[in-house]
Number of protein chains: 2
Amino acid sequence: MSPTASPDPSEPPWLDEDELAAWMATTALIIRLPGALDAQLQADQGLTFFEYLVLAVLSEQPNRTLQMSVVAAETSSSLSRLSHVVKRLEAEGLVTRERVPGAGRRTNAVLTAAGHAKAVAAAPGHVARVRELVVDAVSAADLAALRRVSETVLARIDPGRSC
Amino acid sequence: MSPTASPDPSEPPWLDEDELAAWMATTALIIRLPGALDAQLQADQGLTFFEYLVLAVLSEQPNRTLQMSVVAAETSSSLSRLSHVVKRLEAEGLVTRERVPGAGRRTNAVLTAAGHAKAVAAAPGHVARVRELVVDAVSAADLAALRRVSETVLARIDPGRSC
DNA sequence: CGGAATAACTTGATGCATCAAGTTCTTGGG
DNA sequence: CCCAAGAACTTGATGCATCAAGTTATTCCG
């Protein structure tokens, strides 16, 4: 799996042609894909992609309840970001929060009926867009490669998650 | 246009296990990678990733000059976003703008000496991080796949670019 | 030749993300 | 016991992105 064993222990400074082309394409992807997902959800349901993610994560729980910090981990966000978003979702009646007694400041986010309905309403359009843009647009092999790459990169961004 | 009651001929509604895993990994990637790149550049040079991109694109031009809308295209951004950023970069003395006479509202962004120096100073650390997180972290085959995927997805996000 | 349409930006308002600091429980060491 | 340290959030300020609307040439065409 290790790509190279070059004589120089530190990697070469700049990127070669292929590396650069791959990186620039990736750059464009991470700039534009979030916007494309936001646009669909915003137009159809008035939701941010990140808001949708929060609702979706809660929807998957048996009791539609999950501790804030767990939701943060599941959505790859900071607790601070999540807190702000949940406050907004709470104001819209899609989520509530409840402190877990006898457990420090631990807090659960709970999806309301309206929140669940919103997630259910938003899912098909969102999934369709995800299929259209990504999942159905590339080969199964490339999709598997995308997963491998993503997981590898995430592990490097955040060392000390999966060890 | 035969009136059919058979199952929807379009793609299946939800994602299967592999698709979902790939998509969730991708989701985490597009959420966290930009922040990781920003963090390095911000800490080392006080630059946003996007600001760096603008400087880098201009650096590559023979006369360090490029029309605003071309820069926007190269950096995958809207002209509006670019305009705000260039205004900021101009205030910091890294870039100047000049109207192209006799060509409508056409405007060139020009890298100053300070801007070029900034780009040169920022490049090694940025490239090192890009290598560490992505380019050197995955196999050449996976990097090629990442490029294919990115280009495919970008083409779907923005139909009518390459035709 | 004149006025409408178009191209290429710029600007201002709004909203979301991030960072640092604050709050509130719980626990573990002296 | 009590105090200090830590865990798990929340809050407020700041800054960047986005969207809609405004500006300013230029071109098209009738």
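Everything numeric here is computed off the predicted structure, so don't read it as measured data.
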Comparing nearest nucleotides in DNA chain D, the 5'-proximal residue of the pair A/Ala39, A/Asn108 is A/Asn108
Would you please confirm or rule out a distance under 4.0 Å between OP1 or OP2 of D/dC16 and any side-chain N or O of B/Arg88?
yes
Kindly indicate whether the side chain of A/Arg105 and the base of C/dT23 share any N or O donor-acceptor pair separated by less than 3.5 Å?
yes
Expressed in angstrom and rounded to an integer, what is the separation of A/Arg81 atom CZ from D/dT11 atom C1'?
17 Å
Identify whether any heavy atom of A/Thr107 sits under 4.0 Å from a base atom; if not, whether one sits that close to sugar-phosphate; answer base, sugar-phosphate or nothing.
sugar-phosphate
For a quick check of understanding: with a heavy-atom distance under 4.0 Å over all strands, which category does B/Gly102 fall into, base, sugar-phosphate or nothing?
sugar-phosphate
Side chain of B/Gln67 (C-beta onward), nearest among D/dT10, C/dA8, C/dT10:
C/dA8
Side-chain donor/acceptor contact of A/His84 with base of D/dG12 under 3.5 Å:
yes
Using only side-chain N and O atoms of A/Arg106, determine if any of them is under 4.0 Å from OP1 or OP2 of D/dC9.
no
Are the side chains of A/Val95 and A/Thr112 in touch, meaning some heavy atoms are under 4.5 Å apart?
no
Between A/Leu37 and A/His126, is any pair of side-chain heavy atoms under 4.5 Å apart?
yes
Less than 4.0 angstrom between a side-chain N/O of B/Ser69 and OP1 or OP2 of C/dC9, yes or no?
yes
Note, B/Arg32 side chain near A/Asp158 side chain (heavy atom, < 4.5 Å):
yes
Measure distances between side-chain N and O atoms of A/Ser80 and base N and O atoms of D/dT10, and say whether any donor-acceptor pair falls under 3.5 Å.
no
So, the side chain of A/Glu51 versus the backbone of A/Thr48: is there a donor-acceptor pair under 3.5 Å, distance only?
yes
Could you give the CD-to-C1' distance, from A/Glu92 to C/dG15, as a whole number of Å?
13 Å
Between A/Met68 (CE) and D/dA7 (P), how many Å, whole number?
18 Å
Does D/dT11 have its OP1 or OP2 closer than 4.0 Å to a side-chain nitrogen or oxygen of A/Lys87?
yes
d(CG, A/Leu79; C1', C/dT23) in whole Å:
13 Å
Answer whether the closest heavy-atom distance between the side chains of B/Glu19 and A/Arg131 falls below 4.5 Å.
yes
Rounded distance in Å - CZ (B/Phe49) to C1' (D/dA17)
15 Å
Whole angstrom is fine here: how far is it from CG in A/Leu82 over to P in D/dA8?
14 Å
Here the distance between atom P of D/dA17 and atom CZ of B/Phe50, to the nearest Å, is 7 Å
5'-most contact on DNA chain C: A/Ala103 or A/Glu51, nearest heavy atom basis?
A/Glu51
Interatomic distance where CZ belongs to A/Arg99 and C1' belongs to D/dC9 [whole Å]
8 Å
